[in-house]
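We name chains A, B, ... by the order of the sequence lines, and we start the count at 1 in each one.
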Amino acid sequence: MPEILEIEAYRRLAEKVVGRVVSEVQAPDHWYVKGGATPEDLVENLTNRRFTKSRRKGKLLLLDSGGPTLGLRFGMTGRLFVDGKAGIDQLEWGSRRINPAWHRFIIEFKGGGSLVIDDPRRLGGVELNPQEERLGPDAWEIRLPGLRKVLSNSTTALKARLLDQSRIAGLGNLLVDEICWRSSLDPNRPANSLEEKEIKILNRTIRTVLDQLDKRGGSHTGDFFEHRNKGGVCPLDAQPLRRSEAGGRTTWWCPLHQR
DNA sequence: CCGGATGTTCACCT
DNA sequence: GAGGTGAACATCCG
């Protein structure tokens, strides 16, 4: 799932619960509660609280309450439902079935309505007062000086650096492939080998891709997405795409124009 | 049946 | 400390 665009869609959906008061919290899956807290901690800290804001940092969704802040992570297969309505119609690689056993976290509100995380693979989690400072600047808000800093002093592959949430928060595997492809940059290049000219291109491309794919409907709507398969060729120059691994993730790129 | 898929965290190496 | 790897989570799809 979800990368920054999907979490942003969830954030917008979660605005519906701002102003509502929590009547009941169900956290049936102890494993799903992170940060050293227990399901009981969540119940105690959130019951009778009124949510005041729906925020996002990278892939972390945050609901402020005036007291504790609730942090929601969705892993690859987590979906958010508010009042039974989904934030994303169809999650790539997700399940299209609905199974109550996959409802890892449920909040009921006074006066009706609910917020539910459905997560078949249990890769997400909920946390009280997550350490937001562990995340780098948000990818949607980062600017040239911030991006320079992300890439400086590191021989790590460009792609691994862009996926490192502590350096820049929000980009996932699909978005990074799309961004490198549009920027004509080889994802395997050492991060600190980029010239100023290339960093500028990358900086612009990050925002262009996020704005454009957000309007289109998500991380899987990029121009490159449908080609990153076995036998895929570059839609720009028809060159067969290469496949490798970077940062532990499958990477596709065009060996001709991505340098 | 097997392998891989939009993610995060942590242990364990070098 | 930096950086890489593999495991764990559990389901769907080809």
Side-chain angles (χ1 to χ4, degrees), chain A residues 1-10 29-37 56-61 71-80 87-105 117-127 130-132 134-136 139 150-181 187-192 209-210 213-214 216-222 224-232 243-252:
Chain A
M1 144 91 99
E3 304 187 32
I4 190 170
L5 299 177
E6 285 73 24
I7 308 303
E8 176 61 16
Y10 291 168
D29 186 351
H30 189 283
W31 195 87
Y32 211 70
V33 178
K34 310 291 186 182
R56 179 189 58 71
K57 184 165 188 187
K59 302 172 193 172
L60 177 64
L61 178 59
L72 307 175
R73 299 178 198 278
F74 297 89
M76 284 205 295
T77 56
R79 289 183 294 183
L80 184 69
I88 298 284
D89 294 336
Q90 179 83 47
L91 210 50
E92 200 78 17
W93 315 125
S95 171
R96 69 184 68 84
R97 293 163 51 212
I98 298 291
N99 182 343
W102 298 335
H103 291 176
R104 313 296 181 186
F105 185 68
I117 297 183
D118 171 276
D119 186 355
R121 289 182 60 184
R122 298 167 87 211
L123 296 171
V126 299
E127 192 174 351
Q131 295 181 277
E132 299 174 39
R134 289 179 61 172
L135 294 170
V150 169
L151 302 176
S152 65
N153 300 320
S154 173
T155 56
T156 300
L158 169 63
K159 173 156 181 176
R161 204 68 171 175
L162 293 176
L163 284 174
D164 184 343
Q165 303 298 302
S166 72
R167 311 279 178 178
I168 172 173
L171 302 181
N173 204 28
L174 295 184
L175 286 175
V176 171
D177 275 5
E178 176 84 16
I179 288 164
C180 287
W181 175 75
N188 305 295
R189 284 258 304 272
N192 65 4
V209 165
L210 293 181
L213 272 53
D214 182 42
R216 290 185 191 171
S219 306
H220 56 287
T221 61
F224 188 60
F225 174 72
E226 60 182 308
H227 305 282
R228 60 191 299 292
N229 289 304
K230 196 176 175 190
R243 183 199 144 119
S244 63
E245 280 210 357
R249 321 301 305 279
T250 299
T251 300
W252 292 89

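- Checking C:dG3, C:dT11, B:dG7 against the side-chain heavy atoms of A:Ser154 singles out C:dG3 as nearest.
- If you take CZ of A:Arg121 and P of B:dA5, they are 11 Å apart, rounded to a whole angstrom.
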How does DNA chain C look in dot-bracket notation if pairs are Watson-Crick or G-U with both distances under 3.5 Å, crossing ones as [ ], other-strand ones as |? .||||||||.||||

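- Spacing between atom NE2 of A:His220 and atom P of C:dC12 amounts to 19 Å, rounded to whole angstrom units.
- Atom name P, nucleotides C:dT5 and B:dG4: the rounded distance is 15 Å, in whole Å.
- The separation between A:Leu162 atom CG and C:dG3 atom P is 14 Å, rounded to whole Å.
- Of all nucleotides listed (C:dG4, B:dG7, C:dT11), B:dG7 comes nearest to the side chain of A:Asn173.
- Distance, A:Tyr32 OH to B:dT8 C1': 12 Å, rounded to whole Å.
- Using a 4.0 Å heavy-atom cutoff across all strands shown, A:Arg104 reaches no nucleic acid atom at all.
- Minimum interatomic distance between A:Lys57 and A:Glu132 (heavy atoms only, all atoms of both residues): NZ-O, 3.3 Å.
- In this entry the distance linking CG of A:Leu123 with P of C:dT11 reads 11 Å, nearest Å.
- Nearest to the side-chain atoms of A:Thr156 among the listed nucleotides C:dG3, B:dG7, B:dC10 stands C:dG3.
- Atom-to-atom distance recorded for A:Asp177:CG and A:Thr250:OG1 is 9.0 Å, nearest 0.5 angstrom.
- In this structure, the CG atom of A:Asn99 is 8 Å from the P atom of C:dT11, given to the nearest Å.
- A distance of 9.5 Å separates CG in A:Leu213 from CG in A:Leu174, rounded to the nearest 0.5 Å.
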Quick one: do A:Tyr10 and A:Leu72 satisfy side chain to side chain contact (heavy atoms under 4.5 Å, CB included)? Show the steps, please. CA-CA 10 Å; A:Tyr10 291 168; A:Leu72 307 175; over 6 Å; no

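- Taking atom CZ on A:Arg228 and atom C1' on B:dG4, their separation rounds to 11 Å, with Å as the unit.
- Dashed line: the shortest gap from a side-chain N or O of A:Arg134 to OP1 or OP2 of B:dT9 is not under 4.0 Å.
- If you check B:dA5, B:dG7, C:dG3 against the side chain of A:Glu3, the one that comes closest is B:dG7.
- Heavy-atom contacts from other residues, nucleotides or ligands closer than 6.0 Å to CG of A:Asn229 number more than 12.
- Here A:Lys59 lies in heavy-atom contact (under 4.0 Å) with sugar-phosphate atoms only.
- Straight-line distance between the P atoms of B:dT8 and C:dG1: roughly 23 Å, to the nearest whole Å.
- Following rounding to the nearest Å, A:Asp164 (CG) and B:dT9 (P) show an atom-to-atom distance of 11 Å.
- Under the 3.5 Å distance criterion, with hydrogens and angles disregarded, no donor-acceptor pair is assigned to the side chains of A:Ser154 and A:Asn192.
- The aromatic rings of A:Phe224 and A:Trp181 sit parallel to each other, their planes meeting at less than 30°, with 60° as the upper class boundary.
- The side chain of A:Arg243 places an N or O atom within less than 4.0 Å of a non-bridging phosphate oxygen (OP1 or OP2) of B:dA5.
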Decide side chain to side chain contact (heavy atoms under 4.5 Å, CB included) for A:Arg104 and A:Val126; before the verdict, give the C-alpha distance in whole Å, the side-chain angles of both, and the deciding distance to 0.1 Å. CA-CA 9 Å; A:Arg104 313 296 181 186; A:Val126 299; over 6 Å; no

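- Applying the 4.0 Å criterion to OP1 and OP2 of C:dT11, one finds that A:Trp102 has a side-chain N or O inside that range.
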